[in-house]
Amino acid sequence: MISGKTRVLGIIGHPVEHTSSPAMHNAAIAALGLEYVYTAFPVRPEELGPAIAGMRALNFRGLNVTVPHKVGVMALLDEISPEARAIGAVNTIDHREGRLIGHNTDAYGVMQSLRLDGGLETLPSRVALLGAGGAARAILYALLQRPEVEHIALLNRTAEKAAALAASLDPEGKRVQPGVLDASSGEQVAAAGLLINSTSIGMHPHPDASPLPNPACLHTGMVVLDIVYNPLETLLLRQARQAGARPVDGLGMLARQGARAFAIWTGVEPPVEVMRAAALERLGKPSPLKPAAN
Ligand code: ATR
């Protein structure tokens, strides 16, 4: 029930209609019986300033931030967490005692997913990361926090973007080796114990595309995380399964970055499986937490 005490949470983006976040967060709110509501706000780029001022004035408890505002919003906040500062993007705003604090929960989300969905308590010493966009930046930051990761092959269609990202997060060039993602990438992928796809290749409406020109580089003992979650099983994950590698879909990272934001706002650890099931249902799949026959 929404009452006079209900606190407002939400997400700002443009477009934002297709987001799974309201389904995930409202499912967690309902499961815990908390007095919050989470809704999506389409905010055009030129309205970002007024939107953040409105968040303050209306005393919203918190907001998630998505494309195209993750970088632009930083200048409008009172404080940025060291992690969000290093990643260079904010995806969560915590409105606390009149101050707006920016966080980035994507790095946490990917590490939790690798640990709990991928079974990796420690990461392999060699990792291959495909892509050099905003998602790659958070993932590369997270990988570099882990001392056991000695070498990261950062492969992107536009090699210059991989080089720029590598130089920004690993300025001494000790651990990240940038390169081009093409038919010659197989050797670097084969040498890795963990492969992460952060590109949008394989995403709806192009489910027949794989970021790897030749899947022969996938092997047994490798964990393959695809951050694409629509479709849930991408061609890359099917190729991984066929090669004997362990596939990890992108819904785990989505649910876990959301869970971290939820905990920042409410002080309560949410049931991640409830959030994951809600996102899955939003994608048009039956929820595994509900009986099939009703
Ligand atoms: P996100 O925030 O999801 O990371 P992004 O910043 O737009 O989105 O980055 C998209 C990534 O997917 C980039 O690495 C992009 O490669 P380029 O830097 O060369 O553009 C990659 N990508 C998207 N479509 C691609 C395609 N058809 N082939 C190869 N790479 C693609």
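Atoms within each ligand, like the ligands themselves, are counted from 1 in listed order. Everything quoted here is computed from the prediction, not taken from an experiment.
- Using a 4.0 Å cut-off between charged side-chain N and carboxylate O, R175 and E150 make no salt bridge.
- Looking at heavy atoms from C-beta onward, C217 lies out of side-chain contact with N214 at the 4.5 angstrom threshold.
- R256 places a side-chain heavy atom less than 4.5 Å from the side chain of D117.
- In this structure, CG on N156 lies 7.0 Å from CG on L181, to the nearest 0.5 angstrom.
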Would you mind listing each N/O atom of ligand 1 next to any protein N/O under 3.5 Å, plus the distance?
from	atom 1	to	atom 2	distance (Å)
ligand 1	4 (O)	G134	N	3.2
ligand 1	4 (O)	A135	N	3.0
ligand 1	6 (O)	G134	N	3.0
ligand 1	14 (O)	A132	N	2.9
ligand 1	14 (O)	N156	OD1	2.7
ligand 1	16 (O)	N156	OD1	3.2
ligand 1	18 (O)	N156	ND2	2.8
ligand 1	18 (O)	K161	NZ	2.8
ligand 1	19 (O)	R157	NE	3.0
ligand 1	19 (O)	T158	N	3.0
ligand 1	19 (O)	T158	OG1	2.5
ligand 1	20 (O)	R157	NH2	2.9
ligand 1	27 (N)	R157	NH1	3.4
ligand 1	28 (N)	R157	NH1	3.4

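- T105 places none of its side-chain heavy atoms less than 4.5 Å from the side chain of N64.
- In this structure, D249 pairs ionically with R276, as a charged nitrogen and a carboxylate oxygen lie closer than 4.0 Å.
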